[in-house]
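Quick notes on the structure that follows.
Hydrogens, waters and symmetry mates are skipped; everything else that's a heavy atom, side chains included, is used.
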Amino acid sequence: MPRDTNNNILVKLTDVSKSYGSSHPAVNAVREVSFDVRRGERVALLGKSGSGKSTLLNLIAGLDRPTSGKICVAGRVLSELSPAAIADYRRECVGMIFQAYNLVPWRTALQNVELPMVFARRSKGERDAAAREALAAVGLADRIGHRPSELSGGEQQRVAIARALMNEPELLLADEPTGNLDSSTAQEIIELLGRFTEISQTANSQTTTILVTHDEELAERFATRVLHMQDGRLDRDSGADDA
């Protein structure tokens with residue numbers, strides 16, 4: 001399998017396009033997008049609804065495949081991976097945070113957070129200890145036995161963040177993580193994500209973050225680099241010279 005020769009580049013997109021439907025013309029959600037993301041960068045994909053930013057994030061996550069072009073993450077060319085290898089990639093390399101939290105409603109906060117380690121076949125004792133530590137890190141040590149319906153929106157998103165970081169992913173993908181939150185709670189969540197990113201810079205393995213948002217102020221506050229999306233295309237790259 002082809003490997004990326006530049007060890008500082010974690011994500012590389014080359015002329016990536018994604019079209020949907022058999023109608024004429026087809027819906028072109030992403031159009032010939034190319035960019036690199038270096039290890040440890042905090043990148044925001046900024047654009048209005050329908051600009052293609054969430055579609056692009058799903059392609060990088062391996063949840064969908066491009067119609068054309070190439071996506072390489074940590075040396076893996078995603079379009080060349082089997083379904084089993086894609087599952088391994090998402091488990092081993094990627095952490096995801098969603099706008100709708102995507103917590104399992106009948107599981108407690110502790111049980112939701114430990115799920116990635118369940119899929120990684122880690123022992124019950126190891127899972128329990130790591131999940132408790134992760135929940136304490138996001139300020140929810142006293143909420144480990146609560147189910148999602150017993151938590152506020154901000155608390156649910158904190159659980160989702162803890163879950164996404166459980167396997168220490170190289171790549172953290174966040175799709176409108178503050179979209180369902182009030183402005184004060186949204187700021188807390190962004191500060192929390194920023195804090196974890198800063199911590200990773202001093203650790204043995206850096207976490208690279210790609211954040212999808214329509215909020216320009218949020219993007220500027222969180223990211224070291226902003227990719228502006230419009231009509232499925234990369235319209236502007238702010239901060240690339242400083243990356």
Heavy-atom count around Asp231 CG within 6.0 Å, excluding the residue itself: above 12? no
Stepwise, does the side-chain contact (heavy atoms from CB on, under 4.5 Å) test hold for Ile9 with Arg38? CA-CA 4 Å; Ile9 300 295; Arg38 298 180 183 181; 3.8 Å; yes
Quick one: does any side-chain atom of [X] pair with a main-chain N or O of [Y] as donor and acceptor, under 3.5 Å?
X: Asp215; Y: Glu217; result: yes
X: Arg65; Y: Ser79; result: yes
X: Thr213; Y: Ala219; result: no
X: Thr14; Y: Gly69; result: no

Tell me, do [X] and [Y] make a side-chain contact under 4.5 Å, heavy atoms counted?
X: Asp64; Y: Thr55; result: no
X: Phe222; Y: Thr209; result: yes
X: Leu63; Y: Arg90; result: yes
X: Gln187; Y: Ile190; result: no
X: Leu46; Y: Lys53; result: no
X: Asn58; Y: Lys18; result: no
X: Met166; Y: Leu115; result: no
X: Ser49; Y: His214; result: no

Would you be so kind as to tabulate the donor-acceptor pairs closer than 3.5 Å made by side chains of residues 130-140, with sequence neighbours excluded?
unit_1 : atom_1 : unit_2 : atom_2 : d
Arg132 : NE     : Asp128 : OD1    : 3.4
Arg132 : NE     : Asp128 : OD2    : 2.8

Mind running side-chain contact (heavy atoms from CB on, under 4.5 Å) on Met229 and Val33 for me, showing each step along the way? CA-CA 9 Å; Met229 298 287 297; Val33 171; 4.3 Å; yes
Will you find, in the side chains of Ser238 and His228, an N or O donor that is under 3.5 Å from an N or O acceptor? yes
Do Asn112 and Tyr101 have a side chain donor and acceptor closer than 3.5 Å? no
Verdict with supporting geometry, Ile60 and Leu13, side-chain contact (heavy atoms from CB on, under 4.5 Å): CA-CA 9 Å; Ile60 296 170; Leu13 278 69; 4.2 Å; yes
Pair Arg143 + Glu150: basic N to acidic O under 4.0 Å: no
Roughly how far apart are [X] [atom1] and [Y] [atom2], rounded to 0.5 Å?
X: Glu32; Y: Ser17; atom1: CD; atom2: OG; value: 5.0 Å
X: Arg163; Y: Met96; atom1: CZ; atom2: CE; value: 10.0 Å
X: Arg42; Y: Thr207; atom1: CZ; atom2: OG1; value: 11.5 Å
X: Ile189; Y: Thr178; atom1: CD1; atom2: OG1; value: 8.5 Å
X: Glu176; Y: Leu45; atom1: CD; atom2: CG; value: 10.5 Å
X: Arg147; Y: Gln111; atom1: CZ; atom2: CD; value: 7.0 Å

Non-hydrogen atoms of [X] and [Y] that approach each other most closely:
X: Gly40; Y: Thr208; answer: N-OG1, 2.8 Å
X: Thr185; Y: Gly154; answer: CG2-CA, 3.5 Å
X: Arg158; Y: Glu188; answer: NH2-OE1, 3.6 Å
X: Arg225; Y: Asp237; answer: NH2-OD2, 2.8 Å
X: Ala162; Y: Val113; answer: CB-CG2, 3.9 Å
X: Pro177; Y: Gln157; answer: O-NE2, 2.6 Å

side-chain contact (heavy atoms from CB on, under 4.5 Å) test vs Leu211 passes for just one of Ile97, Leu172, Leu218, Val226, namely Leu218
Apply the side-chain contact (heavy atoms from CB on, under 4.5 Å) test between Leu10 and each candidate in Val37, Leu171, Ile210; give the one that qualifies. Leu171
Go through the steps to decide whether Glu191 and Arg221 satisfy the test salt bridge (Lys or Arg N to Asp or Glu O under 4.0 Å), and finish with yes or no. CA-CA 9 Å; Glu191 289 175 354; Arg221 189 165 64 243; 5.9 Å; no
Under the side-chain contact (heavy atoms from CB on, under 4.5 Å) rule, what do Asn167 and Arg122 come out as? Steps first, then yes or no, please. CA-CA 10 Å; Asn167 284 340; Arg122 309 283 278 274; 4.0 Å; yes
